[in-house]
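Here's the structure, in structure tokens; my notes come after.
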Number of protein chains: 2
Amino acid sequence: MSSSIENKCKEKGVRLTDQRKLIAKVMSESENHPDVDELHKQVSKQDSKISIATVYRTVKLFEEAGILEKHDFKGAKARYEKVSDEHHDHLIDINTGEIVEFVNEEIEKLQKQEAEKHGYKLVDHRLELYGSKIKKK
Amino acid sequence: MSSSIENKCKEKGVRLTDQRKLIAKVMSESENHPDVDELHKQVSKQDSKISIATVYRTVKLFEEAGILEKHDFKGAKARYEKVSDEHHDHLIDINTGEIVEFVNEEIEKLQKQEAEKHGYKLVDHRLELYGSKIKKK
DNA sequence: ATAATTGCAAATGCTTTGCTTGTGA
DNA sequence: TCACAAGCAAAGCATTTGCAATTAT
């Protein structure tokens, strides 16, 4: 069966090679925003010949096609996730690197207002929260 | 006379060399969040022998001493600004790279709440707005 | 005096690219 | 078929680092 990302490739007319199908599959199933190295490690399990250059080229291609989203979190390598229907921001665990996704309409609205206040149309934004787990007693 | 950053260096026991004094002076007077290359270009006007490596080492040192703040805005090289008394976030003009600083207590509060909602103590955050100027008619 | 700092060039880490061979539509 | 993609190694870019010479305290 074809992965959700593979389907998006078909919709967008992105040519499907074995390598791309594999990367699409791994990213479709991934829940943890892998970086390129991790992704390469994963796909290598199924195709030991796949080159890291191909992984780089593919994530870039998918990003430009609006299929993957790239994140440059503080002090870390670029990480990728599949684009989802609704926008969300990220809360990053500074101890484990674990990521929690969240949606906060109130903040979204205030951002737009803030930009307008300065005479700007809000085109894009980046909101990242960095925190440490509060331990339960 | 000594610049504001130079004074901070004295307070924090950071050894002052001619190169550091110069970088301190330029950054103290700078209003536009320069990247390392721009900064190197500026200081080179007064000391043509200063090395880019020294500029890199110095901004890093100043950052670790809490004197400068580093920003990795989307798709650009690292830019630096002097640490100011009150925290602020940034609105970046996607056409010119110009930066508008803003403070929004409401958003700050909501960020803290959002983190807590997920069981995290908010330790740090990054909020960047990217926009384009609305032209007046 | 002497531990820290500089300048230089080489090394690094991540990412991109040129080129030749291979392949999907 | 044949424009496009893959693999490899080399190149690119921002940044860091080893080392010998220099300097601040």
> Given D:dT23, is OP1 or OP2 found less than 4.0 Å from the side-chain N or O atoms of B:Gln19?
Replying inline: no

>> If I take atom CD in residue A:Glu64 and atom C1' in nucleotide D:dA5, what distance separates them, rounded to the nearest angstrom?
In response: 15 Å

>> Taking any heavy-atom pair under 4.0 Å as a contact, classify B:Ile50: base, sugar-phosphate, or nothing.
In response: sugar-phosphate

> Between B:Lys21 (NZ) and D:dT23 (P), how many Å, whole number?
Replying inline: 13 Å

> Could you give the OH-to-P distance, from A:Tyr56 to C:dT17, as a whole number of Å?
Replying inline: 13 Å

> Of the nucleotides D:dT17, C:dG24, C:dT16, which has the atom closest to the A:Asp18 side chain?
Replying inline: C:dG24

> Of A:Ser51 and B:Thr17, whose nearest nucleotide on DNA chain D comes first from the 5' end?
Replying inline: A:Ser51

>> If you define the side chain from C-beta out and look only at heavy atoms, does anything of B:Val83 sit under 4.5 Å from B:Ile67?
In response: no

>> Can you tell me if B:Lys60 touches the phosphate of D:dT16, counting only side-chain N or O atoms and a distance under 4.0 Å to OP1 or OP2?
In response: yes

> Donor-acceptor pair under 3.5 Å: do we get one between A:Arg20's side chain and the base of C:dG24?
Replying inline: no

> Does the cation-pi check pass for B:Lys74 over B:Tyr130, that is, NZ or CZ under 6.0 Å from the six-membered ring centre and within 45° of its axis?
Replying inline: yes

> Judged by modelled atom types alone, do A:His33 and A:Glu101 share a side-chain donor-acceptor pair under 3.5 Å?
Replying inline: yes

>> If you assign each of B:Ala53 and B:Lys77 to its closest nucleotide in DNA chain D, which residue comes earlier from the 5' end?
In response: B:Lys77

>> Rounding to an integer number of Å, can you tell me how far A:Leu16 CG sits from D:dA5 C1'?
In response: 12 Å

> Nearest-Å distance, CG (B:Leu39) to P (D:dA14)?
Replying inline: 15 Å

> C:dG22 P sits how many Å from A:Arg57 CZ, rounded?
Replying inline: 16 Å

> Regarding B:His125 and B:Gln111, is there a side-chain donor-to-acceptor distance under 3.5 Å anywhere?
Replying inline: yes

> Could you give the CG-to-C1' distance, from A:Asp35 to C:dC14, as a whole number of Å?
Replying inline: 11 Å

> Toward the 5' end of DNA chain C, which comes first, A:Asp37 or B:Ile52, by nearest nucleotide?
Replying inline: B:Ile52

> What about A:Arg15, does its side chain sit under 3.5 Å from the base of D:dA5 through a donor-acceptor pair?
Replying inline: no

>> Output the rounded distance in Å from CG (A:Asp47) to C1' (D:dA6).
In response: 10 Å

>> Would B:Ile52 and B:Asp37 count as a side chain to side chain contact (heavy atoms under 4.5 Å, CB included) here? Give the steps.
In response: CA-CA 8 Å; B:Ile52 186 91; B:Asp37 259 330; 3.8 Å; yes

